[in-house]
Each structure stands twice: as structure tokens, then as C-alpha cells.
Amino acid sequence: MDIKKILTIGASASMLALVSACSDPEPKNPVGPDDPTLSSGMVSGGNSSSSKGNGVLVSSSSMKNTDEPQMACSEIMYNNAKGDTLEWVEIYIAGGMDMDNMQNFTLHLSGDVDFTFPAEPLKKGEYVVVTNNEALFKKAYPTFAGRLFGNMTGKMVNEGGVVNVKVRGEGDVTCAFSSEPPWPSLADGKGHSLVYTGGIAAQSVSWCASANPGGNPGVGEDACIDVVNTVRINEVKPSFSAAGTYEGSWIELYNSGAVPVDVSGWTLNVKLRKDTIKVNAGAVVPAGGYLVLDGGEGGDFDKEVVVSDQGGEIYLYGLAEGQESSIWLPAGKGVSGVVDVADGSVAQGPLAMATPGAANSALKLGSVYISEIHYHPDEKGALPFEFMEIVNATAANIPLYNSSLKKGWKIEGVNIEFGATDVLLANSKALLIPATLEDVAIAGWGPELVRKSYNIPETVQIFSYNGKLSNRGETIAIKEPYTSTKDSETNETKYYYTWHDATLYSDAWAGLTDADGAGFSLQRADLTTMGFGPSAWKAANPTPGK
């Protein structure tokens, strides 16, 4: 069967009936401050509300009452305090029309959880809560007087995931959550919820920890924990050199504020080693400047800071609750850090070079990179399915499996882990397609059909993934297993990864909106760094396997 003919010749009414009209998830990149669609009514990290359809919070005044509903998440409890299993999500119609019947709009949750809303109305601006356990919820919030739906299935994995709020039109939203840096740690098992503050709901800078322990479900416009912090962990050098010799670590801080910040007595937590270390007196980060803290013995901390080449989380806590900065270090002996992206987002990962006391270098691109992302196909066009391409940029074959660790490479975001026999050939690309299709039904779907229909050469390998690309945007990262440890109590093995390439694509990227359901794909335009930000991409006709 030729996929290109399925829809273009009108294939069959029954087949077309299976094509869903739903659009999908939303992005992890905030809209840049120069975006003409921004309004100034929102707070939080410089993010503001934006226009319909880009996954950004929309005020009711910015849309007509006849527009399709634009959904939003406003609060998420994904990891309650003290191991409490209660989870809940608060959603609302941010703009557009009211729903006379939620089932007529096919309103439902997907992603880490699943819930289909009943045949009831939903008014614009009304906050409703969906929970996994109605009895536990009512016990935890005895004064709750809002609208509650129970029987949410699935589980919000504490390490991170997404909740998609989906409707029949283009008003879907993807709301992310995570326990990993740079997400606020107070929402990770410490009793606070995540509160949406504006911007792109699949991104950490669009969320804060709730001011109220336990959150404030059913109300909306909740307060963030009241703390100001302009200091972040900006760059970290591990304690070992590339040659494996011990050299001692250093931690660079950056202050984006207009006044110096004294960080004396602040606490550094190296989670992998379970080390808690205090900054010595006299440590001041200048306004708009950098401070490099010596992590060696007798340095700028009350004890030595050992940063393993396994990577992991590092947190810096101020003297006030909620005053924190965090960074996730990939495995490896090189420096890692944070870079500001032109679209207003931030990215973290391995850096091309160490720059202590100065602005960070670009993120280091590895041997394998993402070359194309067809994240929102035109379901009625000639290419009605999503796909990705990755490229081996070296002259040698790259095994996608670490035989000593017995662990395959993985691509975060689309849920693929490669097997023991998988190899990416020298100077070649591989096509990645979904194992199953969500929004379109194609008989005989699979690698053989795709190869035949699009004349893909046999030299181009085709792999299948179990996830789904968000139509709004999400993080995709290529990760190679580096090392592992075994927990002495649980006997569970934990793996640590180096990062080759990553992106946080967005349907809100100016100049690239043709990739959002209009038949184009994102194609790599810059290979000097990782794929963060719109400048790394162009929108063009999709070229699967070419």
C-alpha cells in the first residue's frame, strides 16, 4: 500500500473517519520578549500570555467568544508530601468559547494520565480539578468547594512527564512537570504544588512552587512562594580531568540582578553523593557578574566538593525557603553549564569549553545529532505521520549499545532505547517513526510500508519509537550510556548518560510556524551547537530518509 495515495486520492470514507481532528501537546520554549503577540498582563520569569494555538496561556480578553476553546493547566500536584499517592491537575478554558458539552469537544487528558470528561458544560474561566483518588482528595482538602472529577488513571512519574489537555481543535496544551533541575524542588515531595505562571506550559520557567503547602486547588491564579533569587549555578567542573586524574572541582555562579548578592552560608547539595556543603563567609556574586567558587579542600566551602563524572543534580539553596538554583549535569569529565537561548528559554548540558568567570561557551554537539523533526503532520496531506531523523556525523560506525553496561542509547522525548545489535553507520542517517499512530490510521503501518512508499534507500535504517512527538513542543535528547551504579539496598541499577544533542522545539518559534500542521518539518540549519532555539532550524518540505 502506498501511503502517499491513501489520503490524496480520497482513500475511503472509513479511513478518513479515523483521522483525529485533535492537535497535540505544547512547547517547552517560552516566547521571546520581542514576539509581537505578547501582552503584558502576566508574571513569572519574563513570560507573558500569547496568541491562540501556541500552547501559551491566553486571557479571555485576547480571544473572541466564538473562537475554539484554548485550554490551560493552572496547577499540578505530581509528588505529594510524605509519599502520599494523591495526584491532581487543575485545568480551565483560558480563552475562546464556553463548552456546552465537554464530550462534544472531546475534552480529555492524555500523556502520563488519562481522563475523559463527561457530558457536562464547562464555562470559560471555571477551574476544575481532576484527581486519581477522590476520597483522598476530599480528605486532604475538606473545604474544597470547586468542581472535582475522580478516576483519573495512569501515574505522574515523579522524575517528570507531561499532562496533555486535548480538545477537538487547535486549543490543546501540554503541561510538563519534573523533579529534575531546573524545576522547583519544593514541588518534589515537599508538600507544594506546581503553579502555572504564564508562558509555555511545557517548560520549567513557566512554573513555580505554590505559596500554600498542599497548593490551592479549584481557585486559580495562585501565588508562588514569595522569594527573590537572581543567582544561578552557571557552570560546573567535575573533580576529575579528561585523563582521569583528580584536579578538584569548581562551581561558577551568575547573578542576573542589579545588586550584588552575598551567598555566604548558602547550602550546596550534591545529590548523587548525598553531600550537603556550606559556602564560606565572604562569597559575594557581583551584579550582572560571575563568582567562581573553589570546590577543593580548603577552598570556598566548609568541606571539599566532589563532583563525580557520573553527573547528576546539584542544588544551591539560599537562606530563605524557595530561594534556590539547580543544574543537571550529564555524565562526562568536561564542564557543564547553562546557556540563555534567544527565544527566552534556558538550556543546560555539556559546554564546548570551560569559561570560568565569563559567559559560557555554546553547548557541545556530540557525534550524533537530530537533523529533522516532523512533529505536527498535516493529517490530510501526503505525509500524514510524524517522524524524526538522526545523523552519525563521524567516519566510523557507532554502536548504539554499550555492551559492557548492557544498556542501549536512548532518545528522551519519544521513548526509544536501542538494542544490542543496533548500529548507526558511518556518515549516515536513520529514520525514526512511531510504532503506532495516534491521530491517523494507516493499514499495514510500519517500516516496510514507509520504506516502500517513500523510496527510502536500504542504507537508511528505520527504527520505531513508542512515544509521540508533541504538536506544541517538547525536549528531545540523544543520550549515550556512560556508567552505572547498583543500589546496595534495592539492588536496582541506575544508569548515567552523556548527551550528544538536544532540542526544546516550539510551535511558537517565529518564522517556523509552517512546521506546525502546515505540511513542513523542522530541519537542522546550525551544527555549531546543540539544537536549542529557532536559529538552529528552518522549516521546509519534509524529506524522510533523504
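Counting heavy atoms of neighbouring residues, nucleotides and ligands inside a 6.0 Å radius, atom NZ of Lys123 does not exceed 12 of them. In this structure, Asn541 places its CG atom where more than 12 heavy-atom neighbours from other residues, nucleotides or ligands lie under 6.0 Å away. Remark: Gln103 CD is packed, more than 12 non-hydrogen atoms of other residues, nucleotides or ligands lying under 6.0 Å away. Within a 6.0 Å sphere centred on NZ of Lys364, heavy atoms belonging to other residues, nucleotides or ligands number 12 at most.
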Between Val368 and Glu480, is a side-chain contact (heavy atoms from CB on, under 4.5 Å) present by the stated rule, with each step listed?
-> CA-CA 10 Å; Val368 180; Glu480 176 187 1; over 6 Å; no
Test Ser428 against Asn392 for side chain to side chain donor-acceptor pair (under 3.5 Å), laying out the working first.
-> CA-CA 5 Å; Ser428 72; Asn392 175 1; 5.3 Å; no
Go through Glu324 and Ser326 one step at a time and tell me if the side chain to side chain donor-acceptor pair (under 3.5 Å) criterion holds.
-> CA-CA 7 Å; Glu324 68 174 58; Ser326 58; 4.7 Å; no
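Under 4.0 Å is where a charged nitrogen must lie from a carboxylate oxygen, and between Glu68 and Arg168 at least one such pair does.
Looking only at distances, no side-chain donor or acceptor of Glu417 sits under 3.5 Å from a matching main-chain atom of Trp409. No side-chain donor-acceptor contact under 3.5 Å links Ser206 to the backbone of Thr197. With hydrogens and angles ignored, the 3.5 Å screen pairs no side-chain donor or acceptor of Arg232 with any backbone N or O of Leu253. Put simply, the side chain of Thr498 never gets that close to the backbone of Gly332: no donor and acceptor are under 3.5 Å apart. At least one donor-acceptor pair closer than 3.5 Å links the side chain of Asn255 to the backbone N or O of Val285. No side-chain donor-acceptor contact under 3.5 Å links Ser193 to the backbone of Ile76. At least one donor-acceptor pair closer than 3.5 Å links the side chain of Asp526 to the backbone N or O of Thr528. Formation of a donor-acceptor pair under 3.5 Å by the Thr230 side chain with backbone atoms of Ser256 is not found in this model.
Separation of the Phe463 and Tyr465 ring centroids does not fall under the 6.0 Å cut-off.
For the residue pair Thr475 and Glu412, no side-chain donor N or O sits within less than 3.5 Å of a side-chain acceptor on the partner.
Shortest non-hydrogen contact noted between Trp537 and Ile370 is CH2-O, 3.7 Å.
By the 30° and 60° cut-offs, the orientation of the rings of Phe385 relative to Phe387 is tilted.
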Review item, side-chain donor-acceptor pairs of residues 347-362, under 3.5 Å, at least two apart:
residue: Gln348; atom: OE1; partner: Trp328; partner atom: N; Å: 3.4
residue: Gln348; atom: NE2; partner: Pro181; partner atom: O; Å: 3.1
residue: Thr355; atom: OG1; partner: Glu235; partner atom: OE1; Å: 3.2
residue: Thr355; atom: OG1; partner: Ala359; partner atom: O; Å: 3.1
residue: Asn360; atom: OD1; partner: Asn234; partner atom: ND2; Å: 3.3
residue: Asn360; atom: ND2; partner: Asn234; partner atom: O; Å: 2.8
residue: Asn360; atom: ND2; partner: Val338; partner atom: O; Å: 2.7
residue: Ser361; atom: OG; partner: Ala352; partner atom: N; Å: 3.2
residue: Ser361; atom: OG; partner: Met353; partner atom: N; Å: 3.1
residue: Ser361; atom: OG; partner: Met353; partner atom: O; Å: 3.2

